[in-house]
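Beneath this line is the structure, given in C-alpha cells, with notes to follow.
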Protein chains: 2
Amino acid sequence: MTERTADRIREELEQSIIGGAFADGERLDEVSLSEQFNVSRTPVREALHALSASGLVEQLPRRGAFVRYPSFRRTIEMFEVMAELEGMCGRLAARRMTDSGIVAIEKAMQGCEAAHLAGDTDQYYRENETFHHLIYAASGNTFLSGEASKLHRRLRPFRRLQLRVRNRMRQSLNEHRDIVEAIRSGDADLTGRLMHDHVAIQGEKFNDLMASYDEARAG
Amino acid sequence: MTERTADRIREELEQSIIGGAFADGERLDEVSLSEQFNVSRTPVREALHALSASGLVEQLPRRGAFVRYPSFRRTIEMFEVMAELEGMCGRLAARRMTDSGIVAIEKAMQGCEAAHLAGDTDQYYRENETFHHLIYAASGNTFLSGEASKLHRRLRPFRRLQLRVRNRMRQSLNEHRDIVEAIRSGDADLTGRLMHDHVAIQGEKFNDLMASYDEARAG
DNA sequence: AATGCATTTCTTGTATACAAGAATATTGAC
DNA sequence: GTCAATATTCTTGTATACAAGAAATGCATT
C-alpha cells in the first residue's frame, strides 16, 4: 500500500463528479461508496471531507454529503474572481520576470502553437496549463500562485469545454502572444489587463455556451 | 451530543495554534491530542485534516501533522492578495450598491466611530469586521464574498495586532469614511482603489511592526 | 568510532464495532 | 382518510482494533 486509499478515493470521486456521474444534489452514501470501492467507510469519509473543502460536495451535519455542482451564476462568479487573480499574477509577473522565466514561458507558448498547428485540443489544453502556471509562479507571490492554481483547477472542466468552441484555440493563442509581448516589455498594467481579459473572455464564452444550450433545449 | 466533537476539537486547536501554544513546525501527535481532549483519535484526525485544508497545519503522508505558522513573507503575500480581493469587492459594490445596502454600511461605520470615541479596540475590531463583510456581500458576487471572508478570517490575528499601533484606529476610520463616500458617489474605480489601499496599508503596518520587533530584539 | 543493516517500536492509515441523531414506517385517534 | 405520536430502521459520528510505513535502536562490521 504505497498510496493513501483516501486520496485515491478522493481522486476517483472527483473525476466521477466532474464527469457528471451524479445528479446535482445527489446524496453520497458512505456505505454504498465504501462497498463500491471495496474499502471501509473511513477513507471514504476522508475523501468526502476533502471534496467538501474544495467545494465539490456540501456536507450537512448528521445528514450526509451532497454533490453540489456550481450553478451557472456561481461559475460566472468564479471566472470573475479567476480573472482578477490572473490579472494580478500578470501584473506582478511583468514586474518581476527573470530572463530564465521568460524563456520558459515562451517555450510553453510555442508548445501551444505546436498543439494548435497539430489541431490537438488535448495537447493545447496541457500546454496552456503550463503557460498559466508559469505566470502564476513568476508573480513571485507563492500564496497568490497557490490560490490561483486551486481556482484554476476547480474551473478546469468548464475551461476544457471551451476549446471546442470554433476558433477559440486560435484566439486564445493570439492572446498568449500579446501577453508574452507585454511581459517582455515589462509593462505591468498592460500585462495585468491582458491576463484579466484573457480569463474574463472565458467566462463570457461559457455564458454563450450555456445560452446556446438553453436555446437548443427550447428549440 | 448536539455538536460534532471534531468541530469542537478543530475550533480549540485553531485557537491554541493562533494563540501561539505550539512552536512552528511542532508535530501534532494524534494520540497525545486525543488523550488531552479525552476523545478518540477519529475526531482529532478530522480536525487535523480541516486545519490542513485551511492552511494552519501541514500534513505529510504517514508522517503526521505539523503546525505551520505563515512566515513573515507569506503573511505579506496574503495581505497582498487580500488587498486585491477587497479592491475587487469595493469596485463591484460601488457599482451594484442598493439603498438599503448603503444604509447598513453607514451604520457599521457609525459603530466604528462610536468604538473609536469610546477607545474600545475590541468593539472597533468587531464593527470593522461587519463593515468589511457588508462590502463583500454588496459586491453581489457570493463566491468572491466567500473567498474574501475566508482570507479575512485567516488574517484576523495579524490584523488584530495592528489596532494597538498608535493612531491606527483613527486612520482606519478616516479611510472608512472615504470608502463610504466613494461608494455613495458610485465611483467604482475609486472605491476599489481605496479598499485596496486600506488593506495594503495593513500589510505595511504589519511590516513595520515586525521591523520594530526585530529592532527591539537586536537592541 | 563510524557506518550499514536488521529488529523493534512508534505512529499513521484502515477496518470494524458501537452510539446517537435523523429519516421512515407504523399504529392509533379523530 | 388524515394527522400525530411513537417505534423502527438507517445513517452518520465516535471509539477501538488491526495493518503497515517510518523512525529509532542496537548490533555487527569495517
A:S40 side chain near C:dT16 phosphate (N/O to OP1/OP2, under 4.0 Å) | no
**Message:** When you measure from the side-chain N and O atoms of A:R62 to the phosphate of C:dA22, is any distance below 4.0 Å, counting only OP1 and OP2?
**Reply:** no
Going by distance alone, is a donor N or O of one side chain under 3.5 Å from an acceptor N or O of the other, for B:H152 and B:R159? yes
- Query: Is the closest basic N to carboxylate O distance between B:R168 and B:E175 below 4.0 Å?
  - Reply: yes
Rounded to the Å, how far apart are [X] [atom1] and [N] [atom2]?
{"X": "B:Q59", "N": "C:dG13", "atom1": "CD", "atom2": "C1'", "answer": "11 Å"}
{"X": "B:H49", "N": "C:dG13", "atom1": "NE2", "atom2": "P", "answer": "6 Å"}
{"X": "A:D7", "N": "C:dT14", "atom1": "CG", "atom2": "C1'", "answer": "13 Å"}
{"X": "A:R4", "N": "D:dA20", "atom1": "CZ", "atom2": "P", "answer": "16 Å"}
{"X": "B:R10", "N": "D:dG13", "atom1": "CZ", "atom2": "P", "answer": "15 Å"}
{"X": "B:L28", "N": "C:dC10", "atom1": "CG", "atom2": "P", "answer": "20 Å"}
{"X": "B:E46", "N": "D:dT14", "atom1": "CD", "atom2": "C1'", "answer": "9 Å"}
{"X": "A:L60", "N": "D:dT11", "atom1": "CG", "atom2": "P", "answer": "16 Å"}

Inset, instruction - Assess whether atom CZ of B:R73 is packed by more than 12 heavy atoms of other residues, nucleotides or ligands within 6.0 Å. - result: no
Item to complete: Report yes or no: is there a donor-acceptor pair, N or O only, under 3.5 Å between the side chain of B:R41 and the base of C:dG13?
Response: yes
What nucleotide, of [options], holds the atom closest to the side chain of [X]?
{"X": "B:E30", "options": "D:dA22, C:dT14, C:dG13", "result": "C:dG13"}
{"X": "A:A6", "options": "D:dA23, C:dT14, D:dA15", "result": "C:dT14"}
{"X": "A:R27", "options": "C:dT16, C:dG13, D:dT11", "result": "D:dT11"}
{"X": "B:R45", "options": "C:dG13, D:dA23, D:dT16", "result": "C:dG13"}

Closest to the 5' end of DNA chain D, once A:D29 and B:T42 are matched to their nearest nucleotides, is A:D29
Heavy-atom nearest nucleotide on DNA chain C taken for A:P61 and for B:R63; more 5' hit belongs to B:R63
Hey, is the main chain of A:R45 close enough, under 3.5 Å, to the side chain of A:E30 for a donor-acceptor pair? no
Heavy-atom distance under 4.5 Å between the side chains of B:L13 and B:F37, does that happen here?
yes
